[in-house]
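We count ligands from 1, going down the list as the structure has it; atoms in each ligand are counted the same way. These figures come from a predicted structure and were not determined experimentally.
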Amino acid sequence: MSATHEVFNQVEPLVDVNLFDNNRALQSALKFNAPGLGTSGFSALGAQVGGADMQQHARLANVFTPQLKSHSRFGHRIDQVEFHPSYHALMTAATAAGLHGTPFAADEQASGHAHVKRGASFMLFTELEPSMLCPISMTYAVTPALRDNPAIYRDWAPGLTSRAYDPALKPFTEKAGLTMGMGMTEKQGGSDVRANTTQAVPDGSDAWGQRFSVTGHKWFFSAPMCDAFLILAQTPAGLSCLFLPRVLPDGSLNKLYIQRLKDKLGNKANASSEVEFAGATAWLVGEEGRGVPQILAMGTMTRLDCALGTSGLMRQALSIALNHTTQRSAFGKKLIDQPLMKNVLADLALESEAATALSLRLARSFDRTQDAHEQAMQRLLTPVAKFWICKRGSHFAQEAMECLGGNGYVEEGGEGIMARIYREMPVNSIWEGAGNIMALDLLRALRKADAAAALAHELAPARGMHPALDHLAQSLPIRVEQMANEMEARRLAQDVALAVQAALLGQTAPPAVFGAFCESRLAGHWGHSFGSLGAGTDVDAIIARAQPR
Ligand SMILES: Cc1cc2nc3c(=O)[nH]c(=O)nc-3n(C[C@H](O)[C@H](O)[C@H](O)COP(=O)(O)OP(=O)(O)OC[C@H]3O[C@@H](n4cnc5c(N)ncnc54)[C@H](O)[C@@H]3O)c2cc1C
């Protein structure tokens with residue numbers, strides 16, 4: 001074909017940028033939550049994950065998705081999942097960056113900021129590829145629950161905290177690094193796991209404690225190539241938490257059979273499966289019959305990651321929208337200079353910075369587990385952040401996608417990163433406790449006598465900074481104390497999130513950001529869509545702070 005036209009007014013993609021050095025919101029949140037923590041490591045990671053070669057791995061891992069190999073060509077069951085080499089490259093990078101169990105290693109704990117440090121790195125990595133972070137996140141989250149079987153934890157901790165990625169299907173003693181997953185959801189129920197029917201029959205005991213033979217299924221079982229899983233099953237004493245390795249200590253394969261892989265909306269690079277256990281061997285973790293609180297020690301940390309991950313995706317979507325509108329023109333101006341587009345971009349920037357601030361503040365509570373206020377904040381803000389940030393994610397991604405016009409909606413063989421972000425967003429809201437479950441969990445947290453006082457204490461540093469925040473802060477403890485009605489739980493979770501986000505921005509963000517956030521989200525000068533900030537808002541200052549270059 002001969003050329004029919006010149007291609008112009010299309011944008012250069014956002015690659016080979018340092019994702020940390022220009023992320024001022026993340027830098028401010030880090031300074032606030034981990035003062036004194038050096039930033040050179042983040043800068044190195046920001047350069048790595050923003051680089052073209054890593055972006056290419058992310059694309060390939062999403063295009064060439066995991067394949068189940070249930071049987072060998074000779075008919076033997078092998079239950080393996082095959083991944084593209086780019087998936088393994090991403091896993092290697094995430095493990096080397098210490099995003100899995102590393103914060104629980106003694107040398108990391110000594111810094112006092114292990115979880116904030118890891119949380120910020122996790123956010124940055126999410127901007128590269130979020131779905132393969134599922135097994136990384138579960139391996140991070142498992143330690144608080146697994147520690148309650150000290151014998152297993154002693155044997156597995158070195159592999160869970162090591163910075164080596166080792167995908168081989170081998171006994172744990174022969175591996176340089178280990179990963180873990182979780183199995184709770186069954187066909188008949190995921191939120192209400194009390195309905196689990198999987199049976200665990202006592203089968204003696206050994207150095208790892210009480211052993212069980214497990215028969216049943218899990219309807220959602222992500223990252224089935226992990227080395228072991230915490231699962232829920234019914235023992236004679238009731239629903240219990242069990243440790244189920246894929247390869248048994250004697251080197252034989254455990255009786256865990258992968259039925260098929262889920263065909264998902266997004267989250268494409270990650271394998272999620274349906275499995276059956278046919279007399280699989282597992283060991284008790286924690287108290288028999290107390291499986292739900294036991295495995296929730298893991299769930300609490302994966303919920304933190306849902307908030308961190310969504311914040312990372314928001315930042316990525318915002319950066320791409322800013323990159324696009326800075327280069328693309330319409331009606332005689334760059335899009336970013338059109339007043340209404342400024343309103344949209346600034347509004348997205350406020351949401352992104354507020355999500356970052358709340359996520360890292362929650363991560364801080366995991367670094368200070370001996371502090372009573374931090375314990376209260378961990379309990380209170382985990383469901384709040386998981387609910388609100390993840391709930392905002394899909395709406396955010398849609399609006400950021402729209403900034404790119406039609407190009408935003410196009411996949412183009414995985415080049416359409418915005419489409420990938422949009423498809424990824426809802427999962428963080430659904431798994432690990434969907435929106436309603438999080439709001440109801442907040443009600444449970446609030447029943448603690450000191451919840452209202454803890455919330456008031458958290459908001460106190462921002463007192464007097466903005467009348468709308470003062471008004472909300474005054475009303476919340478009363479609403480918290482009177483709260484008995486499930487019907488209002490989402491509204492309460494939203495308002496607690498907004499109040500804490502505003503108070504954090506008051507302490508970490510420039511006045512233009514803090515003022516616009518309070519005016520829009522708290523004072524009512526806002527509509528139901530992004531891009532409805534009030535006329536007097538300093539949108540230029542907000543956009544300049546958010547620019548990714
Ligand atoms: C990609 C993907 C991967 C997953 N990986 C795993 C995994 O590795 N391991 C695992 O165990 N699970 C996994 N899950 C399952 C996930 O955690 C569940 O889907 C989720 O917890 C919801 O459970 P459910 O699907 O049974 O829905 P249900 O429990 O039926 O809930 C449906 C809806 O009802 C709402 N609801 C429930 N109870 C109430 C109530 N009392 N009041 C008001 N509303 C209520 C929920 O909020 C939800 O919106 C995965 C899910 C997905 C999508």
message = So that I can tick it off, tell me whether Lys218 and Glu186 are bridged by a salt bridge, with the cut-off set at under 4.0 angstrom between side-chain N and carboxylate O.
response = yes
Is the closest basic N to carboxylate O distance between Arg479 and Asp495 below 4.0 Å? yes
With the threshold set strictly below 4.0 angstrom, can you tell me whether any protein non-hydrogen atom sits that near [atom]?
atom                    : answer
atom 25 (O) of ligand 1 : no
atom 30 (O) of ligand 1 : no
atom 34 (O) of ligand 1 : no
atom 52 (C) of ligand 1 : yes

Give the atoms of ligand 1, by number and element, whose distance to some non-hydrogen atom of [X] is under 4.0 Å.
X      : value
Phe221 : 8 (O)
Lys264 : 1 (C)
Val427 : 1 (C)
Gly183 : 11 (O)

The answer for which part of Asn270 has a heavy atom under 4.0 Å from ligand 1 is neither
For residues [X] and [Y], determine if any side-chain heavy atom of one lies less than 4.5 Å from a side-chain heavy atom of the other.
X      : Y      : result
Leu169 : Met225 : no
Phe277 : Leu244 : yes
Leu19  : Leu26  : no
Met314 : Met425 : yes
Val292 : Leu296 : yes
Arg444 : Arg379 : yes

| message | Classify the ring geometry of Trp526 against Phe530: parallel below 30°, tilted from 30° to 60°, perpendicular beyond 60°. | response | perpendicular
field: Aromatic plane relationship, Phe229 with Phe221 - under 30° parallel, 30 to 60° tilted, over 60° perpendicular
entry: tilted
Looking only at protein heavy atoms, which one is nearest to [atom], and what is the separation?
atom                    : answer
atom 48 (C) of ligand 1 : Ala434 CB, 3.9 Å
atom 11 (O) of ligand 1 : Met184 N, 2.7 Å
atom 28 (P) of ligand 1 : Ser191 OG, 3.6 Å
atom 14 (N) of ligand 1 : Phe220 CB, 3.3 Å
atom 9 (N) of ligand 1  : Met182 O, 3.0 Å
atom 15 (C) of ligand 1 : Thr185 OG1, 3.2 Å
atom 17 (O) of ligand 1 : Glu432 N, 3.5 Å
atom 20 (C) of ligand 1 : Ile430 O, 3.7 Å

So between [options], whose heavy atom ends up nearest [atom]?
atom                    : options                : result
atom 2 (C) of ligand 1  : Trp219, Phe229, Trp431 : Trp431
atom 37 (C) of ligand 1 : Leu440, Ile437, Asn436 : Ile437
atom 4 (C) of ligand 1  : Ser222, Cys134, Gly181 : Ser222

Sub-6.0 Å ring centroid separation between Trp431 and Phe220: no
Would Glu351 and Arg392 count as a salt bridge (charged side-chain N to carboxylate O under 4.0 Å, His left out) here? Give the steps.
CA-CA 8 Å; Glu351 195 71 28; Arg392 301 289 292 154; 2.9 Å; yes
